[in-house]
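Report on the following structure.
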Amino acid sequence: MSTTPVKVAVTGAAGQIGYSLLFRLASGSLLGPDTPIQLQLLEITPALKALEGVVMELDDCAFPTLAGVEIGDDAEKIFDGVNLALLVGARPRGPGMERGDLLSANGAIFTAQGKALNKVAADDVRIGVTGNPANTNALIAMTNAPDIPQERFSALTRLDHNRAISQLAAKTGSAVSDIKKVTIWGNHSATQYPDIFHAEIAGKNAAETVNDQSWIENDFIPTVAKRGAAIIEARGSSSAASAASATIDAARDWLQGTPEGDWASMAVRSDGSYDVPEGLIYSFPVTTKNGDWEIVQGLEIDEFSRSKMDATAAELIEERDAVKELGLI
Ligand SMILES: NC(=O)c1ccc[n+]([C@@H]2O[C@H](COP(=O)([O-])OP(=O)(O)OC[C@H]3O[C@@H](n4cnc5c(N)ncnc54)[C@H](O)[C@@H]3O)[C@@H](O)[C@H]2O)c1
Ligand SMILES: O=C(O)C[C@H](O)C(=O)O
(Lines give C-alpha, C1' and ligand atoms only; values in the text may rest on other atoms or scores of the structure.)
(Ligands and ions follow the chains in the order given, each with its own letter.)
Protein backbone atom coordinates (compact mmCIF):
# COMPACT_ATOMS: atom_id res chain seq x y z
CA MET A 1 0.00 0.00 0.00
CA SER A 2 1.31 3.49 -0.81
CA THR A 3 1.92 5.63 2.25
CA THR A 4 0.52 9.06 1.46
CA PRO A 5 -3.24 9.07 1.88
CA VAL A 6 -5.41 10.87 -0.67
CA LYS A 7 -7.41 13.53 1.16
CA VAL A 8 -11.08 13.45 0.21
CA ALA A 9 -13.58 15.98 1.56
CA VAL A 10 -17.27 15.19 1.75
CA THR A 11 -19.79 17.87 2.67
CA GLY A 12 -23.19 17.02 4.12
CA ALA A 13 -21.50 13.94 5.51
CA ALA A 14 -24.21 13.23 8.10
CA GLY A 15 -26.93 13.22 5.44
CA GLN A 16 -28.57 10.39 3.54
CA ILE A 17 -26.11 10.28 0.67
CA GLY A 18 -23.22 10.62 3.09
CA TYR A 19 -24.35 7.53 4.99
CA SER A 20 -23.85 5.43 1.88
CA LEU A 21 -20.96 7.35 0.31
CA LEU A 22 -18.55 7.38 3.26
CA PHE A 23 -18.45 3.62 3.68
CA ARG A 24 -17.77 3.04 -0.01
CA LEU A 25 -15.04 5.67 -0.05
CA ALA A 26 -13.46 4.23 3.09
CA SER A 27 -13.55 0.65 1.80
CA GLY A 28 -11.63 1.43 -1.38
CA SER A 29 -14.41 1.72 -4.02
CA LEU A 30 -12.91 4.96 -5.29
CA LEU A 31 -9.16 4.48 -5.18
CA GLY A 32 -8.76 0.70 -4.89
CA PRO A 33 -7.29 -1.49 -2.16
CA ASP A 34 -3.76 -0.06 -2.35
CA THR A 35 -4.41 3.63 -1.76
CA PRO A 36 -5.14 4.89 1.74
CA ILE A 37 -7.80 7.58 2.03
CA GLN A 38 -8.15 10.35 4.60
CA LEU A 39 -11.75 11.55 4.98
CA GLN A 40 -12.38 15.21 5.75
CA LEU A 41 -16.04 15.60 6.65
CA LEU A 42 -17.90 18.90 6.72
CA GLU A 43 -21.27 19.43 8.36
CA ILE A 44 -23.29 22.24 9.86
CA THR A 45 -22.83 22.54 13.64
CA PRO A 46 -26.15 20.91 14.69
CA ALA A 47 -25.34 17.81 12.61
CA LEU A 48 -21.88 17.22 14.10
CA LYS A 49 -23.16 14.95 16.86
CA ALA A 50 -24.87 12.67 14.34
CA LEU A 51 -21.69 12.75 12.28
CA GLU A 52 -19.71 11.59 15.31
CA GLY A 53 -21.95 8.52 15.36
CA VAL A 54 -21.23 7.85 11.70
CA VAL A 55 -17.50 8.11 12.40
CA MET A 56 -17.90 5.56 15.21
CA GLU A 57 -19.41 3.21 12.64
CA LEU A 58 -16.58 3.91 10.20
CA ASP A 59 -14.12 3.01 12.97
CA ASP A 60 -16.04 -0.18 13.67
CA CYS A 61 -15.62 -1.32 10.06
CA ALA A 62 -11.82 -1.40 10.52
CA PHE A 63 -11.29 -0.63 6.84
CA PRO A 64 -7.62 -1.22 5.97
CA THR A 65 -7.74 1.66 3.44
CA LEU A 66 -9.07 4.27 5.88
CA ALA A 67 -6.08 6.27 7.11
CA GLY A 68 -8.04 8.77 9.22
CA VAL A 69 -11.16 10.88 9.58
CA GLU A 70 -11.49 14.54 10.53
CA ILE A 71 -14.85 16.20 11.07
CA GLY A 72 -15.85 19.80 11.55
CA ASP A 73 -18.06 22.75 10.65
CA ASP A 74 -15.32 25.06 9.39
CA ALA A 75 -14.85 24.71 5.63
CA GLU A 76 -11.35 26.22 5.65
CA LYS A 77 -10.16 23.62 8.16
CA ILE A 78 -11.89 20.67 6.53
CA PHE A 79 -10.84 21.56 2.96
CA ASP A 80 -7.22 22.16 3.93
CA GLY A 81 -5.01 20.25 1.48
CA VAL A 82 -7.82 18.16 -0.02
CA ASN A 83 -7.18 16.45 -3.35
CA LEU A 84 -10.85 15.74 -4.04
CA ALA A 85 -13.90 17.55 -2.70
CA LEU A 86 -17.31 15.94 -3.05
CA LEU A 87 -19.84 18.69 -2.40
CA VAL A 88 -22.97 16.82 -1.40
CA GLY A 89 -24.30 18.93 1.47
CA ALA A 90 -27.41 20.84 0.44
CA ARG A 91 -31.12 20.62 1.03
CA PRO A 92 -32.88 17.98 -1.10
CA ARG A 93 -36.18 18.75 -2.83
CA GLY A 94 -39.47 17.37 -1.59
CA PRO A 95 -42.50 16.12 -3.52
CA GLY A 96 -43.78 18.59 -6.13
CA MET A 97 -40.58 20.66 -6.25
CA GLU A 98 -38.19 21.01 -9.19
CA ARG A 99 -34.47 20.99 -8.43
CA GLY A 100 -34.23 24.61 -9.59
CA ASP A 101 -36.54 25.56 -6.69
CA LEU A 102 -33.53 24.97 -4.43
CA LEU A 103 -31.41 27.69 -6.04
CA SER A 104 -31.70 30.35 -3.39
CA ALA A 105 -31.77 27.89 -0.44
CA ASN A 106 -28.63 26.08 -1.56
CA GLY A 107 -26.75 28.61 -3.67
CA ALA A 108 -25.22 30.42 -0.71
CA ILE A 109 -23.58 27.21 0.52
CA PHE A 110 -21.55 27.02 -2.67
CA THR A 111 -20.25 30.59 -2.59
CA ALA A 112 -18.73 29.98 0.85
CA GLN A 113 -17.37 26.57 -0.09
CA GLY A 114 -15.91 27.83 -3.40
CA LYS A 115 -14.08 30.56 -1.49
CA ALA A 116 -12.77 28.13 1.13
CA LEU A 117 -11.55 25.67 -1.51
CA ASN A 118 -9.86 28.52 -3.33
CA LYS A 119 -7.89 29.34 -0.19
CA VAL A 120 -6.86 25.98 1.17
CA ALA A 121 -7.36 23.02 -1.22
CA ALA A 122 -4.37 21.14 -2.65
CA ASP A 123 -2.99 22.30 -6.01
CA ASP A 124 -4.34 19.20 -7.73
CA VAL A 125 -7.87 19.44 -6.27
CA ARG A 126 -10.86 18.13 -8.24
CA ILE A 127 -14.34 19.18 -7.16
CA GLY A 128 -17.49 17.19 -7.83
CA VAL A 129 -20.86 18.72 -7.00
CA THR A 130 -23.77 16.43 -6.13
CA GLY A 131 -25.94 18.87 -4.11
CA ASN A 132 -28.82 20.27 -6.16
CA PRO A 133 -29.27 22.16 -8.40
CA ALA A 134 -25.93 20.56 -9.14
CA ASN A 135 -24.92 22.29 -12.39
CA THR A 136 -25.58 25.79 -11.13
CA ASN A 137 -24.10 25.05 -7.71
CA ALA A 138 -20.91 23.99 -9.51
CA LEU A 139 -21.01 27.24 -11.48
CA ILE A 140 -21.32 29.17 -8.20
CA ALA A 141 -18.43 27.30 -6.55
CA MET A 142 -16.25 27.69 -9.67
CA THR A 143 -16.93 31.40 -9.95
CA ASN A 144 -16.05 31.89 -6.29
CA ALA A 145 -12.74 30.03 -6.65
CA PRO A 146 -10.88 32.08 -9.25
CA ASP A 147 -7.47 30.50 -8.54
CA ILE A 148 -8.61 26.94 -9.18
CA PRO A 149 -8.57 26.00 -12.87
CA GLN A 150 -12.18 25.92 -14.12
CA GLU A 151 -11.86 22.43 -15.55
CA ARG A 152 -11.46 21.10 -12.00
CA PHE A 153 -15.19 21.61 -11.32
CA SER A 154 -17.88 19.24 -12.38
CA ALA A 155 -21.50 18.48 -11.48
CA LEU A 156 -23.01 15.04 -11.22
CA THR A 157 -25.01 13.70 -14.17
CA ARG A 158 -23.59 10.22 -13.75
CA LEU A 159 -26.72 9.09 -11.92
CA ASP A 160 -28.78 10.05 -14.99
CA HIS A 161 -26.22 8.28 -17.18
CA ASN A 162 -26.52 5.11 -15.08
CA ARG A 163 -30.31 5.37 -15.11
CA ALA A 164 -30.25 5.60 -18.91
CA ILE A 165 -28.08 2.48 -19.16
CA SER A 166 -30.40 0.59 -16.85
CA GLN A 167 -33.55 1.56 -18.80
CA LEU A 168 -31.92 0.65 -22.10
CA ALA A 169 -30.72 -2.70 -20.76
CA ALA A 170 -34.24 -3.52 -19.53
CA LYS A 171 -35.85 -2.50 -22.85
CA THR A 172 -33.48 -4.55 -25.01
CA GLY A 173 -32.84 -7.47 -22.65
CA SER A 174 -29.12 -6.73 -22.75
CA ALA A 175 -26.45 -6.78 -20.10
CA VAL A 176 -25.56 -3.44 -18.57
CA SER A 177 -21.92 -4.19 -19.38
CA ASP A 178 -22.73 -4.39 -23.11
CA ILE A 179 -24.02 -0.81 -23.18
CA LYS A 180 -21.54 1.94 -24.04
CA LYS A 181 -21.48 5.58 -25.09
CA VAL A 182 -24.76 6.75 -23.58
CA THR A 183 -24.84 10.53 -23.20
CA ILE A 184 -26.64 12.89 -20.87
CA TRP A 185 -26.64 16.40 -22.31
CA GLY A 186 -27.28 19.53 -20.27
CA ASN A 187 -28.78 20.04 -16.85
CA HIS A 188 -29.35 17.51 -14.06
CA SER A 189 -33.04 18.37 -14.21
CA ALA A 190 -36.20 17.40 -16.04
CA THR A 191 -34.89 19.19 -19.17
CA GLN A 192 -31.83 16.95 -19.47
CA TYR A 193 -31.46 15.07 -22.75
CA PRO A 194 -30.55 11.39 -22.40
CA ASP A 195 -29.24 10.49 -25.89
CA ILE A 196 -28.90 6.94 -27.22
CA PHE A 197 -28.33 7.86 -30.87
CA HIS A 198 -24.57 7.40 -30.44
CA ALA A 199 -24.82 4.65 -27.85
CA GLU A 200 -23.92 1.05 -28.57
CA ILE A 201 -25.28 -2.26 -27.37
CA ALA A 202 -22.74 -5.04 -27.88
CA GLY A 203 -21.14 -2.91 -30.59
CA LYS A 204 -24.37 -2.13 -32.50
CA ASN A 205 -26.06 1.26 -32.58
CA ALA A 206 -28.50 1.42 -29.65
CA ALA A 207 -31.20 3.57 -31.31
CA GLU A 208 -31.24 1.28 -34.36
CA THR A 209 -31.42 -1.77 -32.10
CA VAL A 210 -34.36 -0.26 -30.22
CA ASN A 211 -35.93 0.89 -33.50
CA ASP A 212 -38.78 2.66 -31.71
CA GLN A 213 -38.68 6.47 -31.82
CA SER A 214 -41.91 6.68 -29.87
CA TRP A 215 -40.40 4.68 -26.98
CA ILE A 216 -37.33 6.94 -27.03
CA GLU A 217 -39.39 10.14 -26.98
CA ASN A 218 -42.34 9.17 -24.82
CA ASP A 219 -40.95 6.58 -22.48
CA PHE A 220 -37.15 6.45 -22.24
CA ILE A 221 -36.37 10.18 -22.09
CA PRO A 222 -39.09 11.14 -19.58
CA THR A 223 -38.43 8.07 -17.43
CA VAL A 224 -34.74 8.95 -17.07
CA ALA A 225 -35.33 12.69 -16.72
CA LYS A 226 -38.03 12.28 -14.08
CA ARG A 227 -36.55 9.34 -12.21
CA GLY A 228 -35.49 11.50 -9.27
CA ALA A 229 -39.09 12.66 -8.77
CA ALA A 230 -40.39 9.09 -9.09
CA ILE A 231 -38.01 7.99 -6.34
CA ILE A 232 -39.05 10.87 -4.07
CA GLU A 233 -42.67 9.89 -4.67
CA ALA A 234 -42.03 6.23 -3.85
CA ARG A 235 -39.48 6.52 -1.04
CA GLY A 236 -40.65 9.76 0.52
CA SER A 237 -37.09 11.10 0.25
CA SER A 238 -34.65 11.57 -2.56
CA SER A 239 -32.35 8.95 -4.00
CA ALA A 240 -29.39 8.35 -1.73
CA ALA A 241 -27.59 5.03 -2.27
CA SER A 242 -27.78 5.34 -6.07
CA ALA A 243 -26.62 8.96 -5.84
CA ALA A 244 -23.68 7.90 -3.67
CA SER A 245 -22.84 5.12 -6.11
CA ALA A 246 -22.93 7.53 -9.06
CA THR A 247 -20.80 10.05 -7.12
CA ILE A 248 -18.16 7.33 -6.73
CA ASP A 249 -18.44 6.21 -10.38
CA ALA A 250 -17.97 9.78 -11.58
CA ALA A 251 -14.99 10.53 -9.34
CA ARG A 252 -13.34 7.18 -10.08
CA ASP A 253 -13.57 7.68 -13.84
CA TRP A 254 -12.36 11.27 -13.52
CA LEU A 255 -9.29 10.30 -11.49
CA GLN A 256 -8.54 6.96 -13.12
CA GLY A 257 -9.82 7.34 -16.68
CA THR A 258 -12.85 6.20 -18.65
CA PRO A 259 -12.59 2.64 -20.00
CA GLU A 260 -11.32 2.15 -23.55
CA GLY A 261 -14.20 2.29 -26.06
CA ASP A 262 -16.58 4.11 -23.75
CA TRP A 263 -17.22 7.57 -22.37
CA ALA A 264 -18.96 9.08 -19.36
CA SER A 265 -21.39 11.96 -18.92
CA MET A 266 -20.05 14.82 -16.81
CA ALA A 267 -21.37 18.34 -16.39
CA VAL A 268 -18.35 20.55 -17.03
CA ARG A 269 -17.66 24.09 -18.13
CA SER A 270 -18.73 24.47 -21.75
CA ASP A 271 -16.00 25.62 -24.11
CA GLY A 272 -18.61 26.20 -26.82
CA SER A 273 -18.50 22.61 -28.12
CA TYR A 274 -21.74 21.59 -29.88
CA ASP A 275 -22.74 25.28 -29.81
CA VAL A 276 -23.46 25.11 -26.09
CA PRO A 277 -22.97 28.63 -24.72
CA GLU A 278 -19.49 28.97 -23.28
CA GLY A 279 -19.21 29.06 -19.49
CA LEU A 280 -22.32 27.04 -18.62
CA ILE A 281 -21.81 23.90 -16.55
CA TYR A 282 -23.40 21.55 -19.06
CA SER A 283 -23.30 17.76 -19.24
CA PHE A 284 -21.35 16.40 -22.21
CA PRO A 285 -19.96 13.05 -23.25
CA VAL A 286 -16.37 13.07 -22.00
CA THR A 287 -13.36 10.82 -21.94
CA THR A 288 -10.96 11.18 -19.04
CA LYS A 289 -7.32 10.42 -18.46
CA ASN A 290 -4.98 11.21 -15.56
CA GLY A 291 -7.54 13.43 -13.88
CA ASP A 292 -8.37 15.49 -16.98
CA TRP A 293 -11.47 15.32 -19.14
CA GLU A 294 -12.04 16.02 -22.81
CA ILE A 295 -15.38 16.54 -24.49
CA VAL A 296 -15.99 13.91 -27.18
CA GLN A 297 -16.01 15.80 -30.46
CA GLY A 298 -17.58 15.22 -33.86
CA LEU A 299 -20.87 13.55 -32.90
CA GLU A 300 -23.59 14.16 -35.46
CA ILE A 301 -26.50 16.06 -33.96
CA ASP A 302 -29.85 15.82 -35.74
CA GLU A 303 -32.73 18.27 -35.43
CA PHE A 304 -34.45 16.32 -32.64
CA SER A 305 -31.30 16.20 -30.53
CA ARG A 306 -30.49 19.85 -31.29
CA SER A 307 -33.82 21.09 -29.96
CA LYS A 308 -33.45 19.04 -26.78
CA MET A 309 -29.86 20.24 -26.24
CA ASP A 310 -30.94 23.84 -26.75
CA ALA A 311 -33.87 23.54 -24.35
CA THR A 312 -31.70 22.31 -21.49
CA ALA A 313 -29.09 25.02 -22.25
CA ALA A 314 -31.87 27.62 -22.07
CA GLU A 315 -32.80 26.41 -18.59
CA LEU A 316 -29.17 26.62 -17.47
CA ILE A 317 -28.98 30.18 -18.78
CA GLU A 318 -32.08 31.04 -16.72
CA GLU A 319 -30.51 29.48 -13.62
CA ARG A 320 -27.24 31.33 -14.24
CA ASP A 321 -29.11 34.62 -14.60
CA ALA A 322 -31.09 33.92 -11.41
CA VAL A 323 -27.95 33.34 -9.32
CA LYS A 324 -26.37 36.43 -10.86
CA GLU A 325 -29.43 38.34 -9.72
CA LEU A 326 -28.97 36.87 -6.22
CA GLY A 327 -25.36 38.11 -6.23
CA LEU A 328 -23.95 34.57 -5.92
CA ILE A 329 -21.74 34.84 -9.01
N1 LIG B 1 -26.84 15.18 -8.60
C2 LIG B 1 -27.52 14.10 -8.26
O3 LIG B 1 -27.63 13.15 -9.04
C4 LIG B 1 -28.20 14.00 -6.91
C5 LIG B 1 -28.81 12.80 -6.54
C6 LIG B 1 -29.44 12.73 -5.29
C7 LIG B 1 -29.44 13.82 -4.43
N8 LIG B 1 -28.84 14.96 -4.82
C9 LIG B 1 -28.79 16.13 -3.94
O10 LIG B 1 -27.78 15.94 -2.96
C11 LIG B 1 -28.06 16.77 -1.85
C12 LIG B 1 -27.94 15.97 -0.55
O13 LIG B 1 -28.93 14.98 -0.51
P14 LIG B 1 -29.18 14.08 0.81
O15 LIG B 1 -30.28 13.14 0.48
O16 LIG B 1 -27.89 13.56 1.32
O17 LIG B 1 -29.75 15.22 1.78
P18 LIG B 1 -29.82 15.22 3.38
O19 LIG B 1 -30.75 16.31 3.77
O20 LIG B 1 -30.04 13.85 3.90
O21 LIG B 1 -28.34 15.63 3.77
C22 LIG B 1 -27.80 16.87 3.47
C23 LIG B 1 -26.78 17.17 4.54
O24 LIG B 1 -26.13 18.38 4.17
C25 LIG B 1 -25.87 19.08 5.37
N26 LIG B 1 -25.59 20.48 5.07
C27 LIG B 1 -26.45 21.49 4.85
N28 LIG B 1 -25.79 22.65 4.66
C29 LIG B 1 -24.47 22.36 4.74
C30 LIG B 1 -23.30 23.13 4.65
N31 LIG B 1 -23.34 24.45 4.45
N32 LIG B 1 -22.12 22.51 4.78
C33 LIG B 1 -22.04 21.20 5.02
N34 LIG B 1 -23.13 20.40 5.13
C35 LIG B 1 -24.33 20.99 4.99
C36 LIG B 1 -27.11 18.87 6.22
O37 LIG B 1 -26.86 19.10 7.59
C38 LIG B 1 -27.41 17.40 5.93
O39 LIG B 1 -26.81 16.53 6.86
C40 LIG B 1 -29.46 17.35 -2.09
O41 LIG B 1 -29.33 18.64 -2.62
C42 LIG B 1 -30.04 16.41 -3.12
O43 LIG B 1 -31.04 17.01 -3.90
C44 LIG B 1 -28.23 15.07 -6.03
O1 LIG C 1 -34.36 14.32 -7.97
C2 LIG C 1 -33.85 14.80 -6.96
O3 LIG C 1 -34.25 15.85 -6.44
C4 LIG C 1 -32.71 14.05 -6.32
C5 LIG C 1 -31.67 13.71 -7.32
O6 LIG C 1 -31.24 14.83 -8.03
C7 LIG C 1 -32.05 12.60 -8.24
O8 LIG C 1 -31.92 12.75 -9.45
O9 LIG C 1 -32.48 11.54 -7.74
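Both counts, for ligands and for their atoms, begin at 1 and track the order of listing.
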Q: Show which atoms of ligand 1 fall inside a sub-4.0 Å distance from at least one heavy-atom site of Leu159.
A: 3 (O), 5 (C)
Q.
With a 6.0 Å cut-off (strictly less than), is the heavy-atom count around CD of Glu151, excluding the residue itself, greater than 12?
A. yes
Q.
Using a 4.0 Å heavy-atom cut-off, which part of Leu156 comes near ligand 1: side chain, backbone, both, or neither?
A. both
**Q.** Ala14: numbered ligand 1 atoms lying under 4.0 Å from its heavy atoms
**A.** 39 (O)
(Q) Closer than 4.0 Å to some heavy atom of Ser238 - which atoms of ligand 2 meet that? (A) 4 (C)
Q: Using a strict 4.0 Å threshold on nitrogen-to-oxygen distance, state whether Asp160 and Arg163 make a salt bridge.
A: yes
Q. At what distance, to the nearest 0.5 angstrom, does SG of Cys61 lie from CE of Met56?
A. 12.5 Å
Compile the donor-acceptor pairs under 3.5 Å between side chains in residues 319-329 and protein atoms, sequence neighbours left out, one pair per line.
residue	atom	partner	partner atom	Å
Glu319	OE1	Thr136	OG1	2.5
Glu319	OE2	Asn187	ND2	3.0

**Q.** Test item: side-chain donor near acceptor, Asn137 and Asn132, under 3.5 Å
**A.** no
Q | Heavy-atom pair with the smallest gap, counting every atom of Ala13 and Leu51 | A | CB-CD1, 3.7 Å
**Q.** For atom 22 (C) of ligand 1, closest protein heavy-atom neighbour
**A.** Ala90 O, 3.5 Å
Q: Give a yes/no verdict on whether any heavy atom in Ala240 is under 4.0 Å from an atom of ligand 1.
A: no
Q) Can an N or O of Ile109 be found at a distance shorter than 3.5 Å from an N or O of ligand 1? A) no
Q. If you measure from each non-hydrogen atom of Gln16 to ligand 1, which part falls under 4.0 Å: side chain, backbone, both or neither?
A. both
Q: Distance to 0.1 Å, residue and atom name: give those for the protein heavy atom nearest to atom 3 (O) of ligand 2.
A: Arg93 NE, 2.5 Å
**Q.** Which residue and heavy atom of the protein sit nearest atom 27 (C) of ligand 1, plus the separation
**A.** Ile44 CG2, 4.1 Å
Q.
Under 4.0 Å from a heavy atom of Gly12: which atoms of ligand 1 are those, numbered in the order shown and with their elements?
A. 23 (C), 24 (O), 25 (C), 33 (C), 34 (N)
Q) Using a heavy-atom cut-off of under 4.0 Å, does the side chain or the backbone of Arg91 touch ligand 1, or both, or neither? A) backbone
**Q.** Proximity of Asn132 to ligand 2 by residue part, where a heavy atom lies under 4.0 Å
**A.** side chain
**Q.** Protein contact of atom 5 (C) of ligand 1 - nearest heavy atom, named by residue and atom, plus distance
**A.** Ala243 CB, 3.4 Å
Q) Which residue holds the protein heavy atom closest to atom 17 (O) of ligand 1, what is that atom called, and what is the gap in Å? A) Pro92 CG, 3.5 Å
Q) Atom NZ in Lys308, atom CG in Asp195: separation rounded to 0.5 Å? A) 11.0 Å
Q) Which of the atoms of ligand 1 are close to Gly131, meaning less than 4.0 Å from one of its heavy atoms? A) 9 (C), 10 (O), 11 (C), 41 (O)
Q: Assert yes or no for the condition that the ring centre distance of Tyr274 to Trp185 is strictly below 6.0 Å.
A: yes
Q: Tell me, please: is Arg158 in heavy-atom contact with ligand 1, that is, under 4.0 Å?
A: no
Q) Which heavy atom of the protein is the closest neighbour of atom 21 (O) of ligand 1, given with residue, atom name and distance? A) Gly15 CA, 3.3 Å
**Q.** ligand 1 N/O within reach of His188 N/O, cut-off under 3.5 Å
**A.** yes
Q.
Tell me the protein heavy atom at minimum distance from atom 43 (O) of ligand 1, and give that distance in Å.
A. Asn132 ND2, 2.8 Å
(Q) Could you identify the single nearest non-hydrogen protein atom to atom 6 (O) of ligand 2 and state the distance to 0.1 Å? (A) His188 NE2, 2.6 Å
Result block: side-chain N/O donor-acceptor pairs under 3.5 angstrom for residues 257-265, not counting sequence neighbours:
residue	atom	partner	partner atom	Å
Thr258	OG1	Thr288	N	3.0
Asp262	OD1	Lys181	N	2.7
Trp263	NE1	Val182	O	2.9
Trp263	NE1	Thr183	OG1	3.1
Ser265	OG	His161	ND1	2.8
Ser265	OG	Ile184	N	2.9

Q: For the pair Tyr19 and Phe23, name the ring-plane relationship: parallel under 30°, tilted 30 to 60°, perpendicular over 60°.
A: perpendicular
Q: Examine the proximity of ligand 1 to Ser239 and report which part, side chain or backbone, both or neither, has a heavy atom under 4.0 Å away.
A: both
Q. What atoms in ligand 1 come closer than 4.0 Å to a heavy atom of Gly89?
A. 24 (O)
Q: May I ask you to check whether Gln297 and Ser273 show a side-chain donor-acceptor distance below 3.5 Å?
A: yes
Q.
Rounded at 0.5 Å granularity, tell me how far CD1 in Ile221 sits from CZ in Phe304.
A. 4.0 Å
(Q) Strictly below 4.0 Å, N to O, side chains only: are Asp212 and Lys171 in salt-bridge contact? (A) yes
Q.
Quick check: Ile17 and ligand 1, any N/O pair under 3.5 Å apart?
A. yes
Q. So, Lys119 and Asp147, do they make that salt bridge, N to O below 4.0 Å?
A. no
Q: Check whether any N or O atom of Arg163, backbone or side chain, sits under 3.5 Å from an N or O atom of ligand 2, and answer yes or no.
A: yes
Q.
Nearest 0.5 angstrom please: Thr130 OG1 to Ile17 CD1, how far?
A. 6.0 Å
Q) Considering only the protein, which heavy-atom contact is closest to atom 11 (C) of ligand 1, and what is its distance? A) Val88 O, 3.2 Å
Q: Considering only non-hydrogen protein atoms, determine which one is nearest to atom 44 (C) of ligand 1 and report residue, atom name and distance to 0.1 Å.
A: Thr130 O, 2.8 Å
Q.
Taking 4.0 angstrom as the limit and counting only heavy atoms of Ser238, give me the atoms of ligand 1 inside it, by number and element.
A. 15 (O)
Q) Heavy-atom distance to atom 8 (O) of ligand 2: which of Glu98, Arg99, Arg227 wins? A) Arg99
**Q.** Location of contacts on Asp160 toward ligand 2, heavy atoms closer than 4.0 Å
**A.** neither
Q. Rounded to the nearest 0.5 Å, how far does OG of Ser214 lie from CG of Asp219?
A. 8.0 Å
Q) Just checking, is any N or O donor in the side chain of Asp310 or Ser307 under 3.5 Å from an acceptor N or O on the other one? A) no
